[in-house]
Amino acid sequence: MQNATKVSVVFPVYGQFDLARAVLSTKSALAQRDLNLEIIISEQGEHPRFPNLEGIRHIFSYHK
C-alpha cells in the first residue's frame, strides 16, 4: 500500500450532544481502511463528557 494522504476529521461536540452517537461516529471513522486518519474531538462544556479512546485526540474547552 502506498502512503495515503493524511486526512484530519474534526468532530465538534458541545451542549447536550448525544454521547453514544458521537462515540459511534468516531469509532466508525477509525474503522476505515486504507486511510491515514487523524481524529480530533473538540468539546466545549462545563465538564468533559467524551471518553478517552485510543487513536483520538481530545481537546476540551471550559465554556459556560
Side-chain angles (χ1 to χ4, degrees):
M1 177 177 99
Q2 294 179 349
N3 286 341
T5 302
K6 188 167 193 172
V7 176
S8 295
V9 180
V10 178
F11 290 89
V13 292
Y14 53 90
Q16 297 300 315
F17 65 92
D18 182 349
L19 184 59
R21 178 180 266 182
V23 170
L24 182 65
S25 297
T26 56
K27 286 184 177 181
S28 175
L30 284 172
Q32 300 304 306
R33 300 284 181 211
D34 300 327
L35 289 175
N36 186 6
L37 282 178
E38 171 187 42
I39 307 275
I40 301 168
I41 301 297
S42 175
E43 179 180 357
Q44 291 183 344
E46 291 187 31
H47 306 286
R49 292 180 47 215
F50 199 88
N52 289 330
L53 299 174
E54 186 176 336
I56 296 176
R57 182 173 167 215
H58 184 215
I59 299 169
F60 175 76
S61 284
Y62 175 73
H63 181 74
K64 274 190 167 183

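Position 1 is the first residue of the sequence, and the numbers go up from there. Values below: all heavy atoms of this structure, side chains included; hydrogens, waters and symmetry mates excluded.
If you chain together ILVMFWY residues whose side-chain heavy atoms come under 4.5 Å of each other, Ile40 ends up grouped with Val10, Ile59.
The hydrophobic cluster containing Leu30 also contains Val7, counting ILVMFWY residues as joined when their side-chain heavy atoms lie under 4.5 angstrom apart, directly or transitively. Hydrophobic cluster membership is shared by Leu19 and Phe11, with clusters built from Ile, Leu, Val, Met, Phe, Trp and Tyr side chains linked at under 4.5 angstrom.
Scanning all heavy atoms of the two residues, the minimum distance from Leu37 to Ala29 falls at CD1-O, 2.8 Å. Taking every heavy atom of both residues into account, Pro48 and His58 meet most closely at CB-CE1, 4.3 Å.
The backbone N or O of Phe17 sits less than 3.5 Å from a side-chain atom of Arg49, completing a donor-acceptor pair. Here the side chain of Ser25 pairs a donor or acceptor atom with the backbone of Arg21 at under 3.5 angstrom.
Proximity of Tyr62 to Glu46: side-chain heavy atoms (C-beta onward) are separated by under 4.5 Å at one or more points. Taking the side chain as every heavy atom from C-beta outward, Ile41 and Phe60 never approach each other to under 4.5 Å.
More than 12 heavy atoms of other residues, nucleotides or ligands lie within 6.0 Å of CG in Asp18, so this atom counts as buried by the packing criterion. Residue Arg57 places its CZ atom among 12 or fewer non-hydrogen atoms of other residues, nucleotides or ligands, all under 6.0 Å distant.
In this structure, CD1 on Ile56 lies 8.5 Å from NZ on Lys27, to the nearest 0.5 angstrom.
A side-chain donor from one of Ser8 and Glu38 sits under 3.5 Å from a side-chain acceptor of the other.
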